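Read through the structure below, which is laid out as structure tokens, and then see the notes.
Computed from a predicted model, the values in this text were never measured in an experiment. Residue numbers start from 1 in every chain, and the chains themselves are labelled A, B, ... in the order their sequence lines are given, proteins ahead of strands.
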Amino acid sequence: MSPNPLPDDVVIRVETVSKRYMMWDSTLHVARYAAACCACGIAPDGAVGTRLARWRQSLRPDFHALDGVSFDVGRGQCVGVIGVNGAGKSTLLQIIAGTLTPTRGRVLTRGRIAALLELGAGFHPEFTGRENAVLNATILGLSKDEIAERLPAIEAFAEIGEFMDRPLKTYSSGMAVRLAFSVATQVRPDILIVDEALSVGDAYFQHKSTRHMRELRERGVSMLFVSHMGEIVKNLCDRALLLHRGRLLTDGPPGIVVDRYHGMLAQKEADDSERALAEVKGRGLVRSGTRQAEFGEVELLDASGRPRRAFNVGETAVLRCVLRMRESLANPTVGFIIRDRLGNNIFGTNTFLHELPPVHPAAGERLEVRFEMPLNLGAGHYAVSVSAHAGATHYEGNYDWIDQILVFRVLKGPHRFVGTSALPVTLSRRSLTPSEAA
Amino acid sequence: MNDATLRVHPRPVPWRDLLLPWRVLAHFYAHRQLAWQFVRREVLGRYRGSALGLLWSFITPLLMLSIYAVVFGMLFETRYEPAGAESGMQYVLALFCSLNLFHFFGEALNRAPRLMLDHPNFVSRVVVPLEVFGIAAVSAASVHLMISMSLLVAAALATGVGIPPTAPYLLLLLLPLLMLSLGITWLLSSAGLFVRDIQALTQPLTTVLMFVSAVFYPLSRVPEYLQGWFLLNPIALLVEQSRRVMVQGHALDWPTWGLLMAVSLVVFHLGYSFFMRTKHLFADRI
């Protein structure tokens with residue numbers, strides 16, 4: 001039938017899928033393009049299609065929501081798609097589900113797809129839960145008899161009681177979500193596509209639906225779902241895809257992919273805090289000192305030297321400061337302090353306290369200081385302030401002080417604990433013998 | 001699992017599925033359950049939550065009938081037939097029949113450009129053959145047409161005017177009317193997404209169309225030099241024919257019917273093809 005039929009154990013094949021959004025200047029251009037497309041029934045890769053594409057580009061450059069994404073999903077696999085907002089996750093799911101048409105490439109699927117791109121999409125507020133469930137099940141391809149047979153199971157799973165026969169407009173949002181999820185999973189699809197669905201609903205339902213998804217997976221249902229919560233992906237999936245700016249960055253075990261995602265988040269936060277710093281500098285509110293010496297760059301890096309703003313508990317971080325000398329100064333001290341979000345001092349030190357050999361930098365010289373430390377801190381947000389001064393503390397002669405120059409985050413580790421310090425605990429446990437107890 | 005469940009996306013609809021009437025019918029037969037659900041939703045959804053519910057489908061045409069009866073039947077004293085050949089009641093019933101038919105088309109025309117925009121979730125979030133919305137919209141209009149036509153029959157019997165034996169010809173006339181309305185609905189519901197201005201255009205267009213569609217006067221009253229132009233409008237022919245068979249007791253004019261069938265078949269396939277060939281772009285335009 002198709003030149004490249006799907007192998008038996010593959011249920012979804014995404015072949016170099018790209019989605020370009022054309023940025024139109026006016027409706028007239030759209031109309032001309034639509035008319036041209038309709039008239040010729042053009043393949044986008046054909047000669048005419050290419051010429052049309054060039055003509056479009058000349059109007060306004062396109063926005064690439066997806067760029068050459070390819071992967072296979074095997075039968076019974078659960079694949080998580082993660083990425084920051086605007087990475088193209090939802091676009092990808094819409095294309096696989098079939099509501100959106102890729103600009104290039106194609107998607108092959110096998111079996112019945114149930115797509116929950118938006119929970120409760122297609123519900124009519126004036127109709128009862130039962131009527132809406134029947135309509136939704138019909139859309140998902142169930143016959144009349146099949147619906148009659150499965151309606152009790154749908155009702156039971158949704159747990160909305162007598163609301164089943166009340167208009168949907170009387171539902172709380174949680175109830176509508178439960179009904180939608182219930183329909184989508186009880187139609188027993190071959191492929192279940194879920195977009196951020198688990199982030200809604202109360203904790204009980206989240207737990208229940210997570211469990212249910214696990215059961216579906218065991219029954220051989222292939223799943224593809226989007227989340228920006230790494231934890232759920234790690235928990236549920238046996239494979240993860242990381243999308244960034246429309247490209248597939250990583251495809252692999254969820255643990256590795258989610259870690260890379262967190263790293264990316266940190267990078268993004270770094271950019272954000274740099275922007276915030278620029279604003280702070282503009283206001284000049286939290287910077288003080290004589291400016292005989294000035295901080296140039298202040299960066300927080302990971303062990304491999306890449307800027308990071310999120311770290312795992314105990315991970316090594318490097319605070320790198322570059323001090324630009326306006327004047328020649330005798331042994332300037334460079335220090336920092338980490339504060340928690342309540343402003344409590346967590347840790348601080350400086351070059352004076354560490355008794356580094358004295359230096360006498362000349363005017364115009366740039367002095368780099370690196371503080372390398374394991375971040376044995378509890379999960380949460382922390383702010384770093386830096387200072388350059390004479391002597392032991394900045395009270396003696398303050399050259400430059402920047403408050404909260406950057407903010408970083410410590411992520412929850414595998415072992416939960418409370419507090420802001422992560423002490424390296426060693427645990428042991430045994431039952432005491434009666435003689436010891438005495 | 002066999003290859004029958006294999007789906008390739010995107011795959012353009014082949015022309016034979018668009019241009020062979022039986023293939024189109026087979027397509028909708030395959031989706032009959034879904035189409036029925038959406039017809040139900042469209043018909044019942046409109047009045048759900050209102051106190052009188054479906055009763056509104058009776059009240060509105062009844063109100064219209066009385067207004068037109070007073071203004072045209074009694075104040076203007078217009079008639080379709082030559083003087084003396086038609087009673088006032090007959091004129092009012094014939095007018096009601098013409099209006100019903102026109103409103104059916106007008107409803108489709110006005111609804112069409114908003115059809116997709118009114119269901120954004122179905123366009124971009126739910127996988128559903130969007131062409132059933134056209135069917136649903138026209139079916140909803142058909143329900144209203146049936147209700148008003150039964151009102152017409154009731155009124156004809158109650159006033160003693162009676163229903164002529166030629167009335168069943170109306171069913172034959174409904175065929176081109178349905179195809180015409182469906183074709184226009186599909187055409188405009190797609191075009192309305194790409195050119196939003198169409199929405200603003202259909203309202204005045206409906207009014208203009210009402211006055212040139214021989215609703216209030218017979219086509220024979222149109223001056224000779226304009227008649228050619230008036231006959232270009234299939235709705236005028238439909239309105240006139242329906243009034244003639246339903247109230248005035250004239251037999252169906254077969255050549256006219258043949259012409260109407262031909263025109264509506266072309267419009268039907270044109271609209272359907274345009275819709276099916278552009279619908280992959282809808283989600284980007286919603």
CD (Q203(B)) with more than 12 external heavy atoms under 6.0 Å: no
Of all heavy-atom pairs linking S124(B) and T99(A), the shortest is O-OG1, 3.0 Å
On a heavy-atom basis, the closest approach of I139(A) and V127(B) is CG2-O, 3.4 Å
- Message: If you define the side chain from C-beta out and look only at heavy atoms, does anything of L117(A) sit under 4.5 Å from V126(B)?
- Response: no
Honestly, the part of L142(A) sitting under 4.5 Å from a heavy atom of chain B is backbone
Hey, are the side chains of L135(A) and F38(B) touching, using non-hydrogen atoms and a 4.5 Å cut-off?
yes
Under 4.5 Å to a heavy atom of chain B? For I95(A) that would be both
So L44(B) and E126(A), do their side chains get closer than 4.5 Å, heavy atoms only?
no
To the nearest 0.5 Å, atom CZ of R20(A) lies from atom CG of D284(B) at 11.5 Å
The interface call for L130(B) against chain A, heavy-atom contacts under 4.5 Å, is neither
Interatomic distance, CD@Q37(B) vs CG@N132(A), rounded to 0.5 Å, equals 10.0 Å
**Message:** Is any side-chain heavy atom of H9(B) closer than 4.5 Å to one of T109(A)?
**Reply:** no
Honestly, the part of V132(B) sitting under 4.5 Å from a heavy atom of chain A is neither
Say whether, by atom type as modelled, one donor and one acceptor occur between the side chain of T101(A) and the main chain of P10(B) under 3.5 angstrom. no
Shortest non-hydrogen pair, R41(B) vs F123(A), comes out as NH1-C, 4.1 Å
For G98(A) and R7(B) the tightest heavy-atom approach is CA-NH1, 4.0 Å
Closest non-hydrogen contact found for K144(A) with Q33(B) is N-NE2, 2.8 Å
CG of L100(A) to CZ of R125(B), rounded to nearest 0.5 Å, is 9.0 Å
